[in-house]
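Presented below is the structure to which this report refers.
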Amino acid sequence: MKCVATCAKGLEPLLAQELKALGAHPDNSDDVGAVTFDGTWLLVWKCNIWLRTANRVLVELGKWKGSRKERLYGGFRNLLKHWPDELFHPRRTFSIQASSAASEMTNTQQIALTCKDALVDHQRSMWGERANVDRDDADLLLRVRIYRNQATLLLDTTGESLDRRGYRKATTIAPMRETLAAACVLAADWNGQGPVVDLMCGSGTLLAEAGRIALGLRPSAKDRHYAFERLPSFVPEAYQELLPQKVERKVRLYAGDIRPQALDATQQNLRAARVDNFLQLQESDAFTAMPPKGPGLLLLNPPHGERLDEEEGMRGDLGELFRNYYGGWKISVLSGGVSPAKGWGMRPARNMPVFNGNLSARILVFEPPATE
Ligand SMILES: C[S@@+](CC[C@H](N)C(=O)[O-])C[C@H]1O[C@@H](n2cnc3c(N)ncnc32)[C@H](O)[C@@H]1O
């Protein structure tokens with residue numbers, strides 16, 4: 001089956017790396033916000049459980065020419081014949097989401113309606129009855145995308161987006177997306193040794209992700225369900241085997257921030273992420289706090305205000321901080337702003353353009369040499 005894992009723009013290389021680690025062979029395409037691969041149902045379940053930088057995993061059910069209503073309808077009906085009857089059985093409720101770009105058909109409501117008609121007509125002809133549409137909690141989550149008049153039917157196997165980890169109990173200003181925080185940790189290619197420090201922890205997202213990665217815990221901190229569990233291909237026993245076993249690992253997590261509210265939020269979130277047993281909190285200024293004995297992993301998401309002069313001042317100090325106190329460490333920084341690395345006096349080992357919400361940002365990885 002052709003599968004598609006979606007992600008925030010810029011995270012594709014890290015998502016491809018994660019897919020390889022799960023045994024997939026990602027295609028070498030330059031898709032934006034997605035990585036495609038060939039997969040079995042088992043791999044699809046595994047990807048949903050274990051991918052940390054993806055938002056969802058879709059299975060491509062088919063492609064056809066969808067330039068006009070009649071073609072869209074006919075192609076859809078034709079395609080349904082190629083999948084096991086059971087998948088489109090009328091007992092299964094469904095929803096269809098449509099999108100269109102650079103195509104003749106632009107009205108997404110009409111696209112969804114045409115595809116719905118094709119599906120229920122197919123069901124009536126096969127079973128003499130049709131399935132109900134359920135917009136909020138359908139068994140079958142279908143997506144139709146039309147791009148340059150080419151229609152693609154995708155089956156969403158995820159349901160609730162994978163970035164909803166379930167540990168965000170408290171927020172502070174400018175929290176980062178969980179998938180982006182995981183990306184910062186993975187980009188550093190850290191070997192899991194030594195402490196993990198976030199000197200400007202805010203609500204603790206970077207430490208929650210680093211902690212769960214270091215302990216071998218799956219990304220979701222809650223007992224969630226996935227859309228694939230409601231498909232006929234689902235085998236509960238095989239799925240259970242993919243879930244993590246209890247592992248006895250340890251990690252040391254250090255959170256600092258100048259604002260006490262941030263430390264409270266980090267405490268609450270890391271408790272919900274089930275990594276707070278390993279956490280030490282300190283109200284401190286990043287530029288004067290003494291690092292724990294390393295080397296280890298330093299994570300940072302400095303404030304990215306509108307005022308460049310303020311930012312530049314802070315960033316000059318950060319370069320000095322890295323060189324003087326974090327030699328031999330892996331340092332991964334999510335940095336916003338126009339010219340993020342300017343003024344740091346260091347060349348990043350990795351420099352990845354990403355998006356933090358709508359803001360363009362960069363993941364910068366530094367590896368300052370160890371000092372004597
Ligand atoms: C962009 S927020 C971090 C958001 C965090 N990554 C999250 O997901 O919630 C930046 C944080 O840096 C803190 N901060 C700013 N200057 C600081 C300094 N000199 N020392 C320590 N923390 C500082 C702020 O209080 C704020 O919580």
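Counting convention: from 1, in listed order, for ligands and their atoms alike.
Checked by distance only, ligand 1 and Leu206 stay at 3.5 Å or farther apart across all their nitrogen or oxygen atoms. At least one N/O-N/O distance between Met176 and ligand 1 falls below 3.5 Å.
Gln97 places no side-chain N or O within donor-acceptor distance of the main-chain N or O of Leu142, the cut-off being under 3.5 Å. Here the side chain of Ser161 pairs no donor or acceptor atom with the backbone of Arg164 at under 3.5 angstrom.
For Ala289, the closest heavy-atom approach to ligand 1 does not fall below 4.0 Å. In this structure, Gly256 falls outside the shell of residues with a heavy atom less than 4.0 angstrom from ligand 1.
Short contacts between ligand 1 and Ser284, defined as distances under 4.0 Å to a heavy atom of the residue, involve ligand atoms 20 (N), 21 (C). Below 4.0 Å from some heavy atom of Phe287 lie the following atoms of ligand 1, by number and element: 19 (N). Listed by number with element, the atoms of ligand 1 under 4.0 Å from a non-hydrogen atom of Leu199 are 21 (C), 22 (N). Taking every heavy atom of Asp285 and a limit of under 4.0 angstrom, the matching atoms of ligand 1 come to 18 (C), 19 (N), 20 (N). Annotation for ligand 1: atoms under 4.0 Å from non-hydrogen atoms of Pro175 are 7 (C), 8 (O), 9 (O). Interface atoms of ligand 1 facing Asn301, defined by a heavy-atom separation under 4.0 Å, are 1 (C), 2 (S), 3 (C), 4 (C), 5 (C), 6 (N), 10 (C).
Of the options Ala170, Gly202, Ala174, Ser203, the smallest heavy-atom separation from atom 9 (O) of ligand 1 is shown by Ser203.
Under the 30°/60° scheme for interplanar angles, the aromatic rings of Tyr226 and Phe228 are found to lie parallel.
Considering Asp117, Thr114, Val144 in turn, Val144 is the only one that fulfils the side chain to side chain contact (heavy atoms under 4.5 Å, CB included) rule with Phe76. Exactly one residue among Arg274, Gln268, Glu178, Glu209 makes a side chain to side chain donor-acceptor pair (under 3.5 Å) with Tyr167. That residue is Glu209. Of the candidates Arg165, Arg56, Lys222, Glu160 forms a salt bridge (Lys or Arg N to Asp or Glu O under 4.0 Å) with just one, namely Lys222.
Atom CZ of Arg218 sits in a crowded spot, with more than 12 heavy atoms from other residues, nucleotides or ligands closer than 6.0 Å. The local environment of OH in Tyr325 is sparse, with at most 12 non-hydrogen atoms from other residues, nucleotides or ligands closer than 6.0 Å.
Contact annotation: for Cys201 versus ligand 1, heavy atoms closer than 4.0 Å belong to the backbone alone.
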